[in-house]
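For clarity, every value in this text was computed on a predicted model and none was experimentally measured. Reckoned from all heavy atoms, side chains included, excluding hydrogens, waters and symmetry mates. Below, read A as the first sequence line, B as the second, and so on, with proteins coming before strands; counting in each chain starts at 1.
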Amino acid sequence: MTAYIVRRLLGLVPVLIGVTLLIFFLTRIIPGDPAIAMLGERAAPNLVERLRADLGLDRPLFFNTAEYRETGRFGDLFDSQYFDYMGGMLRGDLGRSILTLVPITQSLLHRFPATLELTLAAMLLAVAIGIPAGMWAALRRGTLADTSVMLVAIAGVSFPVFWLGIILIYVFAVVLGWLPPSGRLSVSTSIQPITGMYVLDGLLAGNFKGALNAARHLVLPALALGTIPLAIVVRMTRSAMLEVLGQDYVRTARAKGLSELKVVRKHSLRNALLPVVTVIGLSFGSLLSGAILTETVFSWPGIGRWVYDGIAARDYPIIQGGVIFVATLFVFVNLLVDLSYTLIDPRIQYA
Amino acid sequence: MKKLALLLALLLTLGLTSAQTLVFGSSGFPASLDGVDSQDGNSLVVSGQITERLVDFAPGKTDLIPGLATSWSANDDATVWTFELRQGVKFHDGTPFNAEAAKFNLDRWNDPNHPYSGRAEGKTFVPWGWVFGGPIGDGNLIESVAITGEYEIQLTLTQPAPFLPALFAAVYFQFNSPTAVMAAGVNYGTPNVGSVGTGPFKFVEWIEGERIVLERNDDYWGGPAGVERIVFRGIEQPTARLAELQAGTIDIAVNLTSDDLATVQNDANLKTAIADTELNVGYISMHQANAPFDNVLVRRAVAYAIDRDAIVSAFYEGLGVVAQDHLPPVLFGHGEDWPYEYNPEKAKELLAEAGFPNGFTTQYWYMPVSRPYFPAPQPIAETIASYLADVGITAELMTEDWATYLADYPTGKFPMYMIGWNADYADPDNFLRTFFGPSSITDQGWDSPETRALIQEASQISDQDRRAALYAQVVNTVADQAISIPMAHNRSLNATRVGIDGWVASPLGFSSVSLHSVTKAQ
Amino acid sequence: MDAAATAQNGLEGTSRKRGNDLVRRFFRHPTGVLGLAIVAFLVLVSLLAPVLKPYDARRDRDLRARLSPPSAERWFGADELGRDNFTRVLHGGRISLRAGLIAVAFAVVIGTLLGLIAGYVGGWLDTVIVWLVDILLAFPGILLAIAIVATLGPNLTNALIAIAITQVPIYTRIVRSVVMQVRQSEYVQAVRALGSGSIRVVLKHVLPNSLAPLIVQLTLSIGTAILDVAALGFLGLGAQPPAPEWGLMIRDGFSQFLRAPWMSIFPGIAIFLAVVGFNLLGDAIRDILDPRLRNL
């Protein structure tokens, strides 16, 4: 098993290198550059040149052949933007934002908990609604109730999340005034960050007023985002339940006269939940995608929005750092899901 | 008795936490609080409360008033300027503000080799290039800064600049504590450090992407401010900003959509804050590197084809005025009124005369972001394209992100496009030099040495009537040749909750407004 | 999943009777029929749109009717230029449906080709293709699409290319696994031993065997592609004005949602209908073509 894990981890190395190459390539061929973005309406050529030099954008991208030819030293071949960046990354230094000069790692550490909190809350909502709904559908298999649940689940995944976000803001924040329209916390409330996930931090510190405030801000975006995993959780629960309900020991239990609910609680639920848990991990990627759109609509200060703004401002270090971080995370979560599959289901061999 | 004391304490704390905190909603978070290292209103409105300029604008006006400098004077040809500095002022960290501190700031911006310029680590001081030409050795206007007394500095210029004080009033040039700059290095102005100035508010904290908190500087030389704390929030969408204002979660919302004027006026809890006038212009350009816009008949046809009155009345909601030339109405130097009244028939005739009886196909590029001069660029562009379609010109609508857009518009990549200008200081030079001046970016593909010479000549003269005559000549030529079509001068829609007083909108935009005198009712 | 074997059961022995059986089973699938009805309705309406309401987005403008609310005259209200929202939603279907289909078609063709090459040629080419697929799969979908469109420039064509690129790896994986399994099957090895040319073997055996998993994936991908087209449109990276693309219309409506919520509500409902239609349809097809996946 350990050997298998090590092999899988080593297999990630070329993929991650590919990710950095692709992102470096994409960010550098994007037309326009940050020097001009910063100079705005009056980008006189002499100012652009100076700024490009100040920002190091005039250096070679991958291989510094000019310097190599001049000095003849092999190492100088790698005196380029890409290898500097990779060197920095290995030391945990992702550079600074061109626009704000804030270190990228600092922003990542600050913004990732916001995205994570939103993602987890969305998942929590999906699980809280999806598992009971899926179980109910399985128990009423083939009835109108079953069909309706599945219909609603498919409907949920068919909403454009950005649109759902706008509608939720309009109804619950503007018309009804029940919940705040955007942001993470009211300005009159403050929470001492521990994990950076405010609801949790509020609870940990015993600051229940703050936690409640943060939770109120979290409801609408989590609801919008939660429709994405909802469908798959419902579907997975239903099918896992059906499989378990069809098995001999459950039939026996039922024949012994145990009530339906008791059968579910005693025998089916735990066995059915294992694949559900695994599938939750699998929808992580689509959740991250959805988070970009949700964060845009709700002014949620997470990674998705940050990267999107970074693209608009041509802030290369933000795009590189953000996208590479997300991709790495995504790859590792997928690996974990794979591994947990093999743990849960011994029939799958780690070949 | 004990109960009463408790109640009192409770009331006090309540008062402190809610009523004395002003929440300011703008469209985004700062890039930096190091004034000259940022150039957007969202940065400067925050740093402008902490750090101050030598010269200021009178509230809601463009008249110059003393800031950190109490008076200024020049030699006869305006090449040497002397500034008397305000005495007894201290930065928030206790560092005294004096000639030495002022020189430190000016040298930091002007001398690329200054030990604390931070240029090597990424500081750029972009606006310094905009307004003062660039640092030493790169088109610099300021040659040197000399300390001539404990509270007096003397600036030697490379060429005459009769309106130098107005340049220092531009919102960027805020003076920072030398001690703080030296201590923080490249981190100065970032969320970790904030900035340290002489202003009415002190930096407390900046939680990235969420809020920035400032607190009152009780030792402010102009007396303590009206509120104890300010919280700045960035909410990108104007409509979302309005929704927050209506919900009472922010107190001031700037740069709302003109369409929401009625919504604000009909809400008993809100009131508008609109400047009397605003120093900007939005215009439509035709780049002459692209045929057939090298033909003056075609350019005039386009000018006749677009109903500017209808567009301004539909999209500016009475806040904007139709432009007669590229200069805002309050400035001097105007020429004759814009000669092309909406007349599609005339446009078709001119097109036929130019050899395009069936029109032609071109691209019209519009801005991806709204600016005060074009509050709704996309619908305005769609409307303009539909007017062009009426006379047979097929204009494909194009856009790209703002960064690329700014890179491309001067190059001639866009046959037709929209762009504009917000003033840094209240002088025609700031507009005409930008569009048609000696070092302008020739974004119309129109290079007229005579026009350039006129603008350069006017900038070195002190007599306003003579300058006005020269500028009028420039704008008349531009109109006659239909180089670009001025659309509107607009006033931004800002709104506050009822109970917020003392917030006066400025013609130079929201970032120039001091929050010193703003009060919030219980 | 043993896709090849499933496919072999499903298609290799296709007779007319079996086909009829599949159709009959589809029509007994209630949500599948609902999905088909929705899709058919939208396709029909989109095809008929130019007849029902001729429309030239280029010249459409009625500034006096700006932001008027829904009424008997304008069912879905009017937008910022006073354009009739109903007409635009109607014509938007032509853009969104076509865009979804084209993007998926692109992805299927390129993904299949890559999968064939990787699986059949093998060797370093396989290694490189698998590497590229793994890299592409390391990005959450829309993030990669955003980065690609930002590079290519925002318009509908580039958005389609970007979405297609994000979907290519899915098809490459499916086809490659089928090829690998078919190659190892005794039957194909026997055919090859008899000297049949490799390209003929591929065309004759691999493609038909990949059909069932491809069709299932394809139907589901159309829904995703329509959503992604709309998402890029909403972010300003897809169709450009004045095109009545649904995502773009929601973007325009977002800046007016306090004054004119109808501007975003109706195009959103249209997207939802289209996506839900294809998803229901895809689900039903999966149930029928691939019984082993029925419960998933």
K.L.:
As a test of understanding, state which of C/Leu220, C/Thr31, C/Thr219 forms a side chain to side chain contact (heavy atoms under 4.5 Å, CB included) with C/Asp283.
P.N.:
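Testing each of C/Leu220, C/Thr31, C/Thr219 against C/Asp283, the sole residue satisfying side chain to side chain contact (heavy atoms under 4.5 Å, CB included) is C/Leu220.
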K.L.:
When heavy-atom pairs shorter than 4.5 Å are enumerated against chain C, which of A/Leu16, A/Leu151, A/Leu287, A/Leu164 gives the highest number?
P.N.:
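Among the listed options, the one with the most contacts to chain C is A/Leu151.
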K.L.:
Side chain, backbone, both or neither: which part of A/Val297 has a heavy atom under 4.5 Å from chain C?
P.N.:
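Both backbone and side chain.
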K.L.:
Which of the residues A/Val331, A/Ile292, A/Ile169, A/Ile154 is involved in the greatest number of heavy-atom pairs with chain C at under 4.5 angstrom?
P.N.:
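Max contact count across the listed options: A/Ile154.
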K.L.:
Non-hydrogen atoms of chain A under 4.5 Å away: do they reach the side chain of C/Leu235, the backbone, both or neither?
P.N.:
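Both backbone and side chain.
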K.L.:
Side chain from CB out, backbone as N, CA, C, O: work out which of these in A/Val19 comes under 4.5 Å of a heavy atom of chain C, or both, or neither.
P.N.:
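Both parts, backbone and side chain.
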K.L.:
For C/Arg286 and C/Val216, indicate whether the former's side chain and the latter's backbone hold a donor-acceptor pair under 3.5 Å.
P.N.:
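Side chain of C/Arg286 to backbone of C/Val216, a donor-acceptor pair under 3.5 Å: no, none is there.
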K.L.:
With only heavy atoms counted, which part of A/Leu329 is less than 4.5 Å from chain C, the side chain, the backbone, both or neither?
P.N.:
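Neither part, no heavy atoms under 4.5 Å.
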K.L.:
Check whether any side-chain N or O of A/Asp146 sits under 3.5 Å from a backbone N or O of A/Arg141 as a donor-acceptor pair, and report yes or no.
P.N.:
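No; judged by distance alone, with no hydrogens or angles, the pair does not exist.
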K.L.:
Measuring heavy-atom distances to chain C, does A/Leu293 have an atom under 4.5 Å in its side chain, in its backbone, in both, or in neither?
P.N.:
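A/Leu293 touches chain C through side-chain heavy atoms alone.
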K.L.:
Is the count of non-hydrogen atoms from other residues, nucleotides or ligands lying under 6.0 Å from C/Arg94 atom CZ greater than 12?
P.N.:
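For C/Arg94, atom CZ is crowded (more than 12 foreign heavy atoms under 6.0 Å).
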K.L.:
Is C/Trp246 reaching over with its side chain to a backbone N or O of C/Val89, donor-acceptor style, under 3.5 angstrom?
P.N.:
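Judged by distance alone, yes, a pair lies under 3.5 Å.
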K.L.:
Which one, C/Ile142, C/Ile135, C/Ile250, C/Asn279, leads in non-hydrogen pairs under 4.5 Å with chain A?
P.N.:
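Heavy-atom pairs under 4.5 Å are most numerous for C/Ile135.
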K.L.:
Are any side-chain N or O atoms of C/Trp131 and backbone N or O atoms of A/Pro14, one a donor and one an acceptor, separated by less than 3.5 Å?
P.N.:
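Yes.
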K.L.:
Can you say whether C/Leu273 sits under 4.5 Å from chain A via the side chain, the backbone, both, or neither, judging by heavy atoms?
P.N.:
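Neither the backbone nor the side chain of C/Leu273 comes within 4.5 Å of chain A.
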K.L.:
Heavy-atom pairs under 4.5 Å with chain C - which of A/Thr147, A/Thr296, A/Leu22, A/Thr328 has more of them than the others?
P.N.:
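With the most close heavy-atom pairs to chain C, the winner is A/Leu22.
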K.L.:
Examine whether an atom of A/Val157 lies under 4.5 Å from a heavy atom of chain C, and if so say whether it belongs to the side chain, the backbone or both; otherwise answer neither.
P.N.:
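Both parts, backbone and side chain.
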K.L.:
Please look at C/Ile269 and chain A and tell me whether the side chain, the backbone, both or neither of the residue comes under 4.5 angstrom of a heavy atom of that chain.
P.N.:
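Contact with chain A is through both the backbone and side chain of C/Ile269.
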K.L.:
Under 6.0 Å between the ring centres of A/Phe112 and A/Phe325?
P.N.:
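When the ring centroids of A/Phe112 and A/Phe325 are compared, they turn out to be within the sub-6.0 Å range.
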K.L.:
Which residues satisfy the side chain to side chain contact (heavy atoms under 4.5 Å, CB included) test with A/Asp309, sequence neighbours excluded?
P.N.:
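Partners of A/Asp309 by the side chain to side chain contact (heavy atoms under 4.5 Å, CB included) criterion, ordered by chain and then number, come out as A/Arg305.
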